[in-house]
Amino acid sequence: MTEGAAMRKIISLLVLSFVLIQLPQEVSAATQPKAPQIVRVDVTSPTKVTVTIKLDTAHIKSIKSIQYSIDAGRSWKSTTKTSIILTTRPETTYAFQIAQQSTSGKRSVVKRTFSTGPVLPGFTVQQLMWSDEFNSGATLSDKNWVSRYCGQSAANGGGTCYNNESQYFLPSAISVHNGSAVITTTRINSRPPTGTCLGADCAYTSGRFDTLGKVSFQYGYIEARIQMPAGEGNWPAFWMMGTDIVTSGWPVSGEMDIAEQGGYIPIRNSAALHYSTTASGCCDNHLYDSGEIYHNQPLSDDFHTYGIAWTEDQMTLYFDRVAFWSISKSRIRSEYWPGNKPYFLIFDNAIGPRSGGFGGLWGDWAVARMTIDYVRAYRVNKQGSVYLG
């Protein structure tokens, strides 16, 4: 055998050895289990969450171990279950992770973030369905909100600037600062370059924004954290109306005032359900029922939470998560209960007429601010839906 032939034989043997060495690894790769899947996260209550995972059962023998973490991977626990029950804290966001180790040493990690809700007397709050924390920069998110001018078309957020109100609603009066939406209400001496006055004497500019055409809700616990404006004449509100107002009109659409505060009684929060005695028409068919609660300090001094626990055939209103009033289908003075359909959300600060409205007579102030820290919607008692568009 020549020297060249001997060298070719050695190279052939080396190539064959390399192939034989690689073959078992290729077979192992073919049987490598797929990464686990997080099928669902059920927030049963603020203190109990069930996470359901799915494993690659076709290659289950190749899975060496499963671990999970609820603190973004800082600590881990082993499990052999595909339904993992977690003990949680209320109002906490968790960075949940599942880590799978295969017999070949490969590690796969999948992640899911979820938040628990508040403890609410009388109801069980479950998963967060939707929220706006107002971290969108300097302006409202146009995915969620429309800022309104005065105008009484139903398509304009259900219509704005009724009740002889004395303000121009201007989008420029609404801003976002440090994670809060702010409505700035300003006393003016001359008409602004834009906007329409629908009252007898509009001496203020202010703001109104809502989710009509963007987001709507049916059932759940809906809560906003708000610092109300200070000063007599202010008429701030966090409220909602049925999305069918565009086709059915008011009061057939229904209106729920979750938080309505008159500046001349700065320690009072009130709520009201407006509804109809007929299937159509306005406005002699209008009725409403209301409730109120009094705080020991003006509501403009600090932030407070205002919420509604809304389930089929009933609505319960909360101030700082204390229930103060409820209304139900069996208690209204009409057969036309408006509460079993989608509603959209509204924030505004109006000013009543000079002669006095819900906010009282005009006070001696130049600027007032309504500040909304967040608005959140959770499932409650296994009920709650969010509709986009």
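- Both Val215 and Met240 belong to a common hydrophobic cluster when Ile, Leu, Val, Met, Phe, Trp and Tyr are linked at side-chain heavy-atom distances under 4.5 angstrom.
- Side-chain contact between Arg376 and Leu128 is present, with heavy atoms from C-beta onward closer than 4.5 Å.
- Note: His274 and Tyr288 have parallel aromatic rings, judged against thresholds of 30 and 60 degrees for the angle between ring planes.
- Within a 6.0 Å radius of CZ in Arg369, other residues, nucleotides and ligands contribute 12 heavy atoms or fewer.
- For Arg225 and Tyr374, the positive end is not near the middle of the six-membered ring at less than 6.0 Å and at most 45° from its axis.
- Between Phe217 and Tyr343, the distance from one ring center to the other does not fall under 6.0 angstrom.
- In the model, Asp71 has a side-chain atom that pairs as donor or acceptor with a side-chain atom of Ser69 under 3.5 Å.
- In this model, a donor atom of one side chain and an acceptor atom of the other lie less than 3.5 Å apart for Asn340 and Tyr219.
- The backbone N or O of Arg208 lies less than 3.5 Å from no partner atom in the side chain of Asn349, so there is not a single donor-acceptor pair.
- A distance-only check finds a donor-acceptor pair linking the side chain of Gln100 to the backbone of Lys34 [under 3.5 Å].
- For Tyr94 and Phe114, the distance between ring centers is under 6.0 angstrom.
- Counting heavy atoms from C-beta outward, Phe209 and Thr211 have side chains that stay 4.5 Å or more apart.
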(request) Any chance you could lay out the salt bridge (Lys or Arg N to Asp or Glu O under 4.0 Å) test for Arg331 and Asp289, step after step, and finish with the verdict? (result) CA-CA 9 Å; Arg331 289 176 52 199; Asp289 296 301; over 6 Å; no
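- Both Ile66 and Val41 belong to a single network of hydrophobic side chains, linked directly or stepwise wherever heavy atoms of I, L, V, M, F, W or Y lie under 4.5 Å apart.
- A distance below 2.5 Å between sulfur gamma atoms is not met by Cys197 and Cys150.
- Taking hydrophobic clusters as Ile, Leu, Val, Met, Phe, Trp and Tyr residues chained together by side-chain heavy-atom distances below 4.5 Å, Phe358 does not share a cluster with Tyr294.
- For the pair Ile60/Pro33, no side-chain contact is recorded, criterion being any heavy-atom separation below 4.5 Å from C-beta on.
- With Asn234 contributing its side chain and Gly262 its backbone, the two residues share no donor-acceptor pair below 3.5 Å.
- Taken from NZ in Lys341 to OG in Ser216, the straight-line distance is 12.0 Å, to the nearest 0.5 Å.
- Between His304 and Tyr306, the two ring planes are perpendicular [angle over 60°; tilted spans 30° to 60°].
- Trp362 has its ring centre less than 6.0 Å from the ring centre of Tyr204.
- Side chains of Thr124 and Tyr221 form no contact here, defined as non-hydrogen atoms less than 4.5 Å apart.
- Judged by distance alone, the side chains of Asn285 and Ser276 do bring a donor and an acceptor atom under 3.5 Å apart.
- In this structure, a donor-acceptor pair under 3.5 Å is present between the side chains of Ser115 and Thr93.
- Using a 4.5 Å cut-off on side-chain heavy atoms (C-beta onward), Phe96 and Tyr68 make contact.
- With hydrogens and angles left out, the side-chain atoms of Gln32 and Ser102 include a donor and acceptor closer than 3.5 Å.
- Phe134 and Phe347 have perpendicular rings, their planes meeting at more than 60° on a 0 to 90° scale where under 30° would count as parallel.
- In this structure, a donor-acceptor pair under 3.5 Å is present between the side chains of Gln314 and Thr316.
- Under the 4.5 Å side-chain heavy-atom criterion for Ile, Leu, Val, Met, Phe, Trp and Tyr, Val119 and Tyr318 are members of distinct hydrophobic clusters.
- A continuous path of Ile, Leu, Val, Met, Phe, Trp and Tyr side chains, each step under 4.5 Å between heavy atoms, connects Phe238 with Trp310, placing both in one hydrophobic cluster.
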(request) In sequence, state the C-alpha distance, the side-chain angles, and the governing distance for Arg321 and Glu223, and then conclude on salt bridge (Lys or Arg N to Asp or Glu O under 4.0 Å). (result) CA-CA 9 Å; Arg321 297 177 185 160; Glu223 178 185 271; 2.9 Å; yes
